[in-house]
Amino acid sequence: RGELVETGGGSAQTGGSLRLSCVASEYTDNISCMGWFRQVPGKEREGVAMIGPRSMSTTYAGSVKGRFSISRDDAKNTIYLQMNSLKPEDTAMYYCAADVGPGGVRWGSVCADQANYNYWGQGIQVTVSA
């Protein structure tokens, strides 16, 4: 079974920046979509930014569009989330996820569907203060 390991995160002030990284390792099947999701206690997990294989597509939550940027290095099986202009409402536990399986890859709008992700990281805390 593969692993997803998130690094980065931590604390920042309003208007600051953070960069998250996620490395997928020990996978033998194809990795299609990868993405970042976040969750606050008492609320449902929401998609933040998702990216298809070979970076052929990206999708963003409306609340982060224009501030966050997702990128992908297929050779390293790594995705990144550059978070700029941070707001207190960005405070959450951030999870890396991957859509892994044999056969054809998926991309585009299907990457926004959490049901398509079958591997999840442990999560990393992001805290933004005023």
Passes side chain to side chain contact (heavy atoms under 4.5 Å, CB included), Phe37 versus Met50? Steps please.
CA-CA 8 Å; Phe37 301 78; Met50 289 69 67; 4.2 Å; yes
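- Under a cut-off of 6.0 angstrom, the local environment of CD in Glu44 is sparse, with at most 12 non-hydrogen atoms contributed by other residues, nucleotides or ligands.
- Considering SG of Cys111 and CD1 of Ile51, their distance stands at 9.0 Å, rounded to 0.5 Å.
- Gly108 approaches Thr59 most closely through the heavy-atom pair O-CG2, 4.3 Å.
- Note on Val48: it does not cluster hydrophobically with Tyr80, by side-chain heavy-atom contacts below 4.5 Å among ILVMFWY residues.
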Please assess Gln125 against Thr91 for the test side chain to side chain contact (heavy atoms under 4.5 Å, CB included), listing each intermediate value before the final yes or no.
CA-CA 8 Å; Gln125 181 68 36; Thr91 296; 3.9 Å; yes
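- Within the 4.5 Å cutoff, the side chain of Val128 has heavy atoms near those of the Thr14 side chain.
- The side-chain contact (heavy atoms from CB on, under 4.5 Å) test applied to Ser57 returns Trp107, not counting sequence neighbours.
- The closest donor-acceptor contact from the side chain of Glu46 to the backbone of Ala61 lies at 3.5 Å or more, if one exists at all.
- Sorted pairs that involve residues 41-85 and meet disulfide bond (SG atoms under 2.5 Å apart), not counting sequence neighbours, are lacking altogether.
- Here the CG-CG distance, from Asp29 to Asn118, works out to 9.0 Å after rounding to the nearest 0.5 Å.
- When all heavy atoms of Cys33 and Pro53 are compared, the closest pair comes out as N-CD, 4.4 Å.
- Contact detail for Ala12 and Ser17: the closest heavy-atom pair is CB-O, 4.5 Å.
- Annotation: ring-ring contact (aromatic ring centres under 6.0 Å, His included) contacts involving residues 48-68, sequence neighbours excluded, are absent.
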Per-pair distances, 0.1 Å, donor-acceptor, side chain in residues 92-104, under 3.5 Å, sequence neighbours excluded:
{"unit_1": "Tyr94", "atom_1": "OH", "unit_2": "Arg38", "atom_2": "NH1", "d": "2.8"}
{"unit_1": "Tyr94", "atom_1": "OH", "unit_2": "Asp90", "atom_2": "O", "d": "2.7"}
{"unit_1": "Asp99", "atom_1": "OD1", "unit_2": "Arg106", "atom_2": "NH2", "d": "2.8"}
{"unit_1": "Asp99", "atom_1": "OD2", "unit_2": "Arg106", "atom_2": "NE", "d": "2.8"}
{"unit_1": "Asp99", "atom_1": "OD2", "unit_2": "Arg106", "atom_2": "NH2", "d": "3.0"}

Check your understanding: Could you go step by step and tell me if Met83 and Leu20 meet the side chain to side chain contact (heavy atoms under 4.5 Å, CB included) rule?
Key -> CA-CA 8 Å; Met83 302 182 290; Leu20 306 182; 3.7 Å; yes
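- Across all non-hydrogen atoms, the minimal contact from Lys43 to Gln39 is O-NE2, 3.1 Å.
- Looking only at distances, a side-chain donor or acceptor of Asn116 sits under 3.5 Å from a matching main-chain atom of Val110.
- When all heavy atoms of Glu6 and Gln122 are compared, the closest pair comes out as OE1-N, 3.3 Å.
- Within the structure, salt bridge (charged side-chain N to carboxylate O under 4.0 Å, His left out) pairs that include any residue of residues 115-130 do not occur (at least two apart or interchain).
- Criterion: ILVMFWY side-chain heavy atoms under 4.5 Å apart, direct or through other members. Under it, Val23 and Leu4 are not part of a common hydrophobic cluster.
- How far CG of Leu86 is from CG of Leu18: 5.5 Å, rounded to the nearest 0.5 Å.
- The salt bridge (charged side-chain N to carboxylate O under 4.0 Å, His left out) analysis of residues 68-86, with sequence neighbours excluded, yields the pairs Arg72-Asp74.
- To the nearest 0.5 Å, the span separating CE on Met34 from OG on Ser55 amounts to 11.0 Å.
- Residues Gly9 and Val126 come closest through the heavy atom pair CA-CG2, 4.2 Å.
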